[in-house]
Every structure is written in C-alpha cells, then in structure tokens.
Chemist: 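What follows is a structure written as structure tokens; I'll ask about it next.
Keep in mind that the numbers below use all heavy atoms, side chains included, and drop hydrogens, waters and symmetry copies. Counting starts at 1 for both ligands and their atoms, following the listed order.
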Amino acid sequence: METQVGWVEEIRDVGKIVFLVIFHPKGKFQAIVKKENVDEKTWKDVKELTRQSAVKLHGYWQENEQALQGKEFVVEKLEIEALAEKPLPLDPSGKTPAMLDTKLNWRFLDLRNQETLAIFKIQNKIIQGFREWLINNGFLEIQPPGIIASASEGGAELFPLPYFERQAYLAQSPQLYKQMAAISWHKVFCIMPVWRAEKFDQPTHLNEIRQMDVEIAFIKDDEDVLKVLEQLLKHIVDKVRNEAEEQLKLLNVELEEIKLPIKRVTYKEAIEALQKKGEQIEFGDDFSKSQEKMLADIFGNVFILKDWPLSLKPFYAMPKNEEVAMAFDVIFNGLEISSGTVRINDPKLLEERIKANGLNPKNFETYINAFRYGAPRHGGFSFGLERLTMVITKRQNIREVTMWPRDRKRLEP
Ligand code: AMO
C-alpha cells in the first residue's frame with residue numbers, strides 16, 4: 001500500500017463511488033473511493049469531506065485513460081488530516097475567478113492554485129539558474145547585512161529603524177558590501193531582500209524586493225561586466241525554457257530565447273529616438289515607464305541602455321567622461337529588470353562624487369577606507385527577482401509574482 005498526501009480540490013459524489021481531485025505541488029491527481037473497498041470509518045469521513053481539506057490517502061495506482069495523467073489512485077483508507085471550514089474565502093481551483101487583492105489576502109490558499117504554483121515554480125528555476133551559473137563560473141556567494149548605517153542608492157528611499165542609541169536603516173541594496181567583498185574575493189554574488197520606502201503605487205514597484213546581485217573585480221570597463229550579465233541572463237532564460245516548459249504552457253507564455261550579444265543602445269541614442277517620436281524628453285531626464293515601453297518597440301524585446309548621465313546614477317558610478325557614467329540598465333519586455341555600473345575605486349574621486357551628490361563623506365568613512373588597500377577596479381549589477389519573474393511569466397502586476405508583497409497599503413499577510 002502506498003500513501004499520498006494532498007488537498008481536496010474537487011469532490012464528485014456519485015453514490016457508492018466518490019471521485020476526488022487532489023492538489024499537490026508535484027501534480028494534481030484523481031483519487032477514487034469505492035464504498036466496497038473501504039472500511040466504515042473511511043466511508044463516513046469521505047462523505048463529510050470538504051473542499052481544501054488536507055488528507056492522507058492509502059491505496060494504489062491504477063491506469064485510467066480518462067483520469068489526469070492517465071492514472072488514478074484507488075483509495076483503501078483515507079485519513080482526514082485537517083478538515084477545511086465552509087464556505088471557502090477563496091476557491092483556489094480557479095473555477096470562481098477572484099480579484100488579485102482577494103488572492104493576496106488568502107495567499108496560502110492561492111498557493112494551491114495551478115497558475116500561482118506555475119509562477120513560483122518558474123521563480124524557483126530563475127533563482128536556481130542564477131546561482132548555478134555563477135557557482136559554475138567561479139563566483140562565491142556572500143551574505144550582506146539587512147541593517148545598515150547609511151544610504152547607498154540615494155537618501156529618500158530609506159526605511160529608518162531605531163537601533164539602540166543610534167539610527168539605522170533597512171538595507172536598500174547590498175551595494176557597498178558586495179563591493180567590499182569583490183575587492184578581496186574577486187567574483188561574488190548574493191540574493192537578499194532589500195527595502196525601499198518609495199511611495200509609488202505602481203504595478204512595477206514594491207517596497208520589499210529580492211535582489212540578485214553580482215560584483216566582479218579586475219575588470220577594465222562596463223563591457224567586461226555586461227559580458228557576464230548577458231551570459232547569465234541567457235542561462236536563466238534557457239533554464240526556464242528547458243525545465244519549466246509545462247509551467248510556461250499553463251501560463252500561456254511564449255518565452256523567446258535570448259540571442260547574444262544583447263543589443264547595446266546608448267542613453268543619447270534612446271533620447272534621440274524618443275524625440276523623433278515626438279516625446280518631450282531632454283538629455284538628463286529619466287525615462288518614464290511608458291517611454292521604456294516605447295523604447296522596447298523601437299529597440300526590441302531585450303536591450304541594454306548604457307552611458308547614462310552621471311546625474312541619473314548613484315555616487316559610486318565610475319565616470320566615463322565629464323558627462324556620462326559607465327552605467328547600464330537592461331530593458332526586458334519594456335521593463336527595467338537590472339542595472340549596474342563600474343564602481344569608483346579611487347578614494348579621492350569617491351569623496352568628490354559623494355559630495356557632488358549632496359551626501360556627507362563622513363557617513364561613508366568605512367566604505368571609502370576599503371579602497372585604500374589594494375582595491376582593484378570592479379563593477380557589477382543587480383536583477384530584481386520580482387521584475388525578472390514578471391517579464392519571464394509575462395504577468396501585468398508585480399504583486400502576482402511576489403508571494404507576500406509589501407507595498408504602501410499591504411503589510412499583511
Ligand atoms: P537599482 O536601484 O536600479 O540598482 O535596482 C536594481 C534592480 O532592482 C529592481 N528594483 C525594484 N523592483 C521592484 N520594485 C522596486 N521598488 C525596485 N527597485 C529596484 C529592478 C532594478 O533594475 N545597487 C544597484 C545595482 C548595482 O549597481 O549593482 C541597485 O540597487 O529590477
């Protein structure tokens with residue numbers, strides 16, 4: 001006798017036989033309970049069963065062409081592990097459509113929905129693909145802190161945190177720490193949550209995200225970093241295409257292969273292309289979300305926007321000349337999924353740039369000092385895990401691809 005566990009998605013009672021559809025993340029299956037095959041207790045329990053109850057089934061598999069996967073589980077004994085209350089606040093079978101808000105309010109139930117499961121199985125592959133490519137290419141995984149003393153990406157977006165006698169902040173990026181690791185360990189990466197106190201209410205922004213970061217030392221310029229980025233991105237997309245075919249199909253998504261090299265477009269070319277289309281935009285302006293989409297129509301599904309004005313990039317970005325930084329963004333299906341730069345590894349220049357950005361070098365002393373003792377030139381980038389999941393699964397709202405999203409209104413569950 002074998003044992004299967006799962007949650008009851010459907011119950012079809014035809015008198016002396018009860019058919020069950022059982023949800024399990026491995027795959028749904030049909031179970032069949034016949035009065036003549038089971039003891040009295042099991043039969044009584046089956047008749048009292050409610051949808052979404054957790055059950056343990058003991059029995060065996062038999063072939064049945066009409067059943068899911070061509071087989072069904074013949075139940076000889078059933079144990080109710082936990083009976084679900086009625087009515088259900090959300091029907092995860094998807095038969096009764098629900099608003100995203102309701103799905104998120106009852107996320108634990110929604111995790112039993114096939115589409116939701118497919119999204120997060122794909123997200124698993126994205127994380128695995130990221131980690132495996134980097135490990136296979138000699139990168140070490142690091143663990144930066146989540147509590148920090150000063151900003152790395154601009155002061156306005158920090159969540160303050162009382163920290164004993166001092167003021168601390170939730171990390172908005174592992175930036176300064178991955179740099180300090182790369183100047184000693186050469187090639188490093190990390191995956192960690194970060195927090196941004198942005199007040200937007202947009203389908204592309206959250207206040208807590210997972211960043212997948214890479215940092216490489218002994219580089220010459222931004223192209224050395226971009227070569228790593230594009231191979232890594234291609235590997236992630238290939239992995240999803242090869243190992244999550246079933247999930248992509250279920251979500252009705254055609255995921256195109258990434259052809260290398262990814263097209264490079266300079267910031268200046270992008271501005272000119274938008275101006276030609278009649279957009280009001282000048283050198284020095286950032287692109288709006290709709291302009292990013294327009295750029296995708298012009299330059300394609302995936303492209304790299306590089307040579308950004310210094311004023312639009314953080315203080316640590318290495319200047320290429322007086323105007324632009326060695327900085328880039330990756331635009332995938334019209335959305336920024338990653339950005340990165342070559343970093344300043346000269347303490348004097350770093351101090352100057354910190355001041356030029358209206359920040360106080362005193363708050364960055366430990367960081368600046370890190371570049372006084374054999375700090376090779378380095379650079380890196382960060383993918384937003386949720387943004388990447390969003391463009392790969394072609395979902396419209398970042399909350400769909402975030403298990404428990406944190407935004408201005410949502411702190412629970
Ligand atoms: P940046 O601030 O551009 O760069 O962030 C990198 C990537 O993180 C994602 N992201 C977000 N996703 C959803 N909601 C948000 N509020 C949000 N903010 C950022 C995006 C973005 O491309 N330290 C640098 C990276 C580096 O230079 O290595 C940084 O954090 O996908």
Side-chain angles (χ1 to χ4, degrees), residues 123 126 130 134 139 142 144 148 150-159 170-182 187-217 219 222 224-226 228-229 232-233 236 286-287 289 292 302-306 308 310 312-318 325-345 353 367 378-392 395 397-402 405-408 410:
Q123 190 169 74
I126 293 172
F130 177 78
L134 290 163
F139 285 73
I142 58 163
I148 56 170
S150 48
S152 66
E153 311 296 320
E157 302 163 0
L158 284 167
F159 280 114
L170 293 178
Q172 55 183 177
S173 154
Q175 183 61 37
L176 311 184
Y177 296 90
K178 66 172 176 170
Q179 283 188 253
M180 289 195 280
K187 302 198 285 186
V188 299
F189 75 95
C190 62
I191 304 176
M192 69 173 277
V194 300
W195 297 270
R196 301 203 167 187
E198 294 160 350
K199 286 181 179 156
F200 306 126
D201 182 17
Q202 285 185 25
T204 47
H205 282 74
L206 289 175
N207 296 110
E208 179 184 275
I209 59 165
R210 269 88 198 139
Q211 282 194 326
M212 305 199 296
D213 275 58
V214 172
E215 197 70 19
I216 317 157
I219 53 158
D222 46 355
D224 282 349
V225 182
L226 284 170
V228 171
L229 185 153
L232 173 58
L233 182 61
I236 293 170
D286 205 349
F287 305 104
K289 287 281 165 260
E292 270 175 10
V302 189
F303 64 96
I304 291 162
L305 255 180
K306 55 179 277 187
W308 285 75
L310 279 168
L312 290 181
K313 288 293 169 185
F315 64 81
Y316 52 72
M318 179 69 92
M326 290 190 198
F328 51 82
D329 280 6
V330 182
I331 313 290
F332 193 138
N333 291 342
L335 185 67
E336 179 208 313
I337 54 157
S338 177
S339 72
T341 64
V342 173
R343 327 296 187 188
I344 298 173
N345 61 331
R353 294 297 307 154
Y367 172 65
H378 57 287
F381 54 87
S382 172
F383 284 106
L385 171 65
E386 295 80 3
R387 291 260 183 104
L388 189 53
T389 312
M390 200 179 157
V391 293
I392 284 181
R395 300 297 102 175
N397 192 319
I398 197 165
R399 290 154 187 79
E400 290 178 68
V401 305
T402 308
R406 290 289 171 261
D407 61 26
R408 210 169 164 198
R410 186 172 285 281

Chemist: What protein heavy atom lies closest to atom 17 (C) of ligand 1? Include the residue and the distance to one decimal.
Modeler: I209 CD1, 3.8 Å
Chemist: Can you name the salt bridge (charged side-chain N to carboxylate O under 4.0 Å, His left out) partners of R343, sequence neighbours left out?
Modeler: E215
Chemist: For Q175, counting its heavy atoms only, list the atoms of ligand 1 lying under 4.0 Å from any of them.
Modeler: 23 (N), 24 (C), 25 (C), 26 (C), 27 (O), 28 (O)
Chemist: Side chains of E386 and T402: do they bring a donor and an acceptor to under 3.5 Å?
Modeler: no
Chemist: Report the part of E215 (side chain from C-beta onward, or backbone N, CA, C, O) that has a heavy atom under 4.0 Å from ligand 1; answer both or neither where that applies.
Modeler: neither
Chemist: Tell me which part of V214 gets within contact of ligand 1: side chain, backbone, both or neither, using heavy atoms under 4.0 Å.
Modeler: neither
Chemist: Closest non-hydrogen protein atom to atom 22 (O) of ligand 1, residue and atom name please, with distance?
Modeler: E336 OE2, 2.5 Å
Chemist: What atoms in ligand 1 come closer than 4.0 Å to a heavy atom of H205?
Modeler: 14 (N), 16 (N)
Chemist: With backbone taken as N, CA, C and O and side chain as the heavy atoms from C-beta onward, which portion of S338 lies under 4.0 Å from ligand 1: side chain, backbone, both, or neither?
Modeler: backbone
Chemist: Under the salt bridge (charged side-chain N to carboxylate O under 4.0 Å, His left out) rule, collect the residues that match up with D286, sequence neighbours excluded.
Modeler: none
Chemist: Pick one of side chain, backbone, both or neither for how Q172 approaches ligand 1, counting any non-hydrogen atom pair under 4.0 Å.
Modeler: neither
Chemist: Among all protein heavy atoms in this structure, tell me which lies nearest to atom 31 (O) of ligand 1, with the distance rounded to 0.1 Å.
Modeler: I337 O, 3.0 Å
Chemist: For atom 4 (O) of ligand 1, grab the closest protein heavy atom and report residue, atom and distance to one decimal in Å.
Modeler: S339 OG, 3.2 Å
Chemist: For Y316, take its heavy atoms, then give the atoms of ligand 1 lying under 4.0 Å from any of them.
Modeler: 23 (N), 24 (C), 27 (O)
